[in-house]
Protein chains: 2
Amino acid sequence: MKELLYLKDDQLKDLIEKLFVGYRETFSDSKKILDKYSIGLAHQKVIHLLSMYEGISISKLLTKLKVTKQSLNRVLKDLIKLEIIIFKKDEMDTRIKHVYLNEKGKKIFEEIFLLQKKRIYNALLDSSSEEVINFDKVLKKIING
Amino acid sequence: MKELLYLKDDQLKDLIEKLFVGYRETFSDSKKILDKYSIGLAHQKVIHLLSMYEGISISKLLTKLKVTKQSLNRVLKDLIKLEIIIFKKDEMDTRIKHVYLNEKGKKIFEEIFLLQKKRIYNALLDSSSEEVINFDKVLKKIING
DNA sequence: CATTATAGGTAAGTTATATTGACATATTAT
DNA sequence: ATAATATGTCAATATAACTTACCTATAATG
């Protein structure tokens, strides 16, 4: 806590810049794969969430992505055309639509993820699990700030 | 090193999502300030770099931002209209332009930075300096991956 | 049962940020 | 003299988002 006093503005600026570059690089590794399927970063993010949260609802997707439903809808339509997602109505509440990647979708995700994974792996190659845990911990706090 | 084997895909996916959310949240805190001056995220990033690297050249800005000069130029023109940046020719090589924030520009940056700083500070409130160092270390490796 | 709330869809127009390609100028280096 | 570098600019286009407005279907509540 007291140690915080030694965090200078310059270090904080540096951290903020790194947060941007880290995000940008991690999400641009897969550009060639995205081009192959004629999709973009917005699609990649949706595919990522569909892989993490199988059967996620539209409204959950919206709150996670923090975009409007018009914007999400454009992306989902493209993914339908690509034939990589399917929908299932909730059995209890049929207003709710659950979204899933099909087999083709999962394969495309793996192509994307492989490249992102490579970057993270390389980053963690000579890190201890404690360092990784600390990284995760701080990142989580930044998000929940 | 061996510990890495225990890094499951799910954890990596989670890290990647956090990297995105951490970036997004950190760079959206200042939205109200940006609106006040009718500028956007692209301008914020340039202002941030101008504050970090006083007198940075155009080409350095371009490589740091990884955008085209046409794109950067639009932003710089807006900042000129806002009257918050100045240029100085390099004394040795007069082709090179050094860009600086003027006093007004520095004040606007401080407004933006205050909010971002608050988020990072809150995140680090109960973190040890070691955790912060680890966070920085891993992030750096992700960038250089 | 009537009303209200929720989940989702859609249409039109607009904005922010970026791209590609082409070309121009000034200055420095070979 | 020529080539390379640093920067600027015009035009057209793409991507991803936005706002505003309105729509259906279903569920929850009085």
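Sequence lines set the chain letters: A, B, ... in the order given, protein chains first and strands last, and positions in each chain run from 1. What's counted below: heavy atoms across the whole structure, side chains too, no hydrogens, waters or symmetry copies. Computed from a prediction, not measured in an experiment: that's the story for all the values here.
- The bend of the helix from C/dC1-D/dG30 to C/dT30-D/dA1, defined by the angle between the axes of its first five and last five pairs, stands at 30° to the nearest 10°.
- Under the 4.0 Å criterion applied to side-chain N and carboxylate O atoms, A/E25 and B/K66 are assigned as salt-bridge partners.
- For residues 82-100 of chain A, the pairs satisfying salt bridge (charged side-chain N to carboxylate O under 4.0 Å, His left out) are A/D93-A/R95, with sequence neighbours left out.
- Side-chain nitrogen and oxygen atoms of A/T94 include at least one within less than 4.0 Å of the OP1 or OP2 phosphate oxygen of D/dA27.
- Counting non-hydrogen atoms of neighbouring residues, nucleotides and ligands closer than 6.0 angstrom, the NZ atom of B/K60 reaches no more than 12 such neighbours.
- Rounded to whole Å, atom C1' of C/dT17 lies 19 Å from atom CZ of A/F27.
- In terms of the side-chain hydrogen bond (donor to acceptor under 3.5 Å, both in side chains) criterion, B/K106 has no residue partners (sequence neighbours excluded).
- Rounded to whole Å, the distance from CG on A/D35 to C1' on D/dT15 is 12 Å.
- Residues passing the ring-ring contact (aromatic ring centres under 6.0 Å, His included) test with B/H43: none are found, sequence neighbours excluded.
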ask   = Given A/Q44 and A/S30, is the side-chain hydrogen bond (donor to acceptor under 3.5 Å, both in side chains) satisfied, shown in steps?
value = CA-CA 9 Å; A/Q44 172 173 358; A/S30 35; 3.0 Å; yes

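- Distances shorter than 4.0 Å separate none of the side-chain N or O atoms of A/K89 from OP1 or OP2 on C/dG8.
- A sub-4.0 Å separation between OP1 or OP2 of C/dA16 and a side-chain N or O of B/H43 is absent.
- Here C/dG8 presents its P atom at 9 Å from CG of A/L61, a figure rounded to the nearest Å.
- OP1 or OP2 of D/dA17 has at least one side-chain nitrogen or oxygen of A/R74 nearer than 4.0 Å.
- One finds a salt bridge joining B/E111 and B/K36 here, because a Lys/Arg side-chain nitrogen approaches an Asp/Glu carboxylate oxygen to under 4.0 Å.
- Rounded to whole Å, the distance from CG on B/L72 to P on D/dC10 is 16 Å.
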request  = Can you check each nucleotide of nucleotides 2-7 of chain C against protein heavy atoms at under 4.0 Å and return B for base, S for sugar-phosphate only, - for none, in 5' to 3' order?
outcome  = ---BBS

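- Between the C1' atom of C/dT17 and the CG atom of B/D78 lies a distance of 11 Å, rounded to the nearest Å.
- One can place CD1 of B/I85 at 14 Å from C1' of D/dT7, the figure rounded to the nearest angstrom.
- If you take CG of B/L79 and P of D/dG8, they are 13 Å apart, rounded to a whole angstrom.
- The nearest whole Å value for the distance from the CG atom in B/N73 to the C1' atom in D/dA6 is 12 Å.
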Using the 3.5 Å cut-off, write out each protein N or O paired with an N or O of nucleotides 18-20 of chain D and the distance between them.
residue, atom, partner, partner atom, Å
D/dC18, OP2, A/T68, N, 2.8
D/dC18, OP2, A/T68, OG1, 3.0
D/dT20, O4, A/Q70, NE2, 2.3

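- B/F135 and A/F135 have parallel rings, their planes meeting at less than 30° on a 0 to 90° scale where 60° marks the start of perpendicular.
- Using a 4.0 Å heavy-atom distance criterion, B/K77 is classed as a sugar-phosphate-only contact.
- Using a 30° and 60° split on the angle between ring planes, A/F109 and A/F113 fall in the parallel class, below 30°.
- In this structure, A/E130 does not pair ionically with A/K137, as no charged nitrogen and carboxylate oxygen lie closer than 4.0 Å.
- Residue A/K60 is classed as having no contact, given no heavy-atom separation below 4.0 Å to the nucleic acid.
- Within the 3.5 Å criterion, the main-chain N or O of B/D10 finds no donor-acceptor partner in the side chain of B/D14.
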request  = Would you sort out whether A/T68 and A/L72 count as a side-chain contact (heavy atoms from CB on, under 4.5 Å), showing the intermediate values?
outcome  = CA-CA 6 Å; A/T68 58; A/L72 174 59; over 6 Å; no

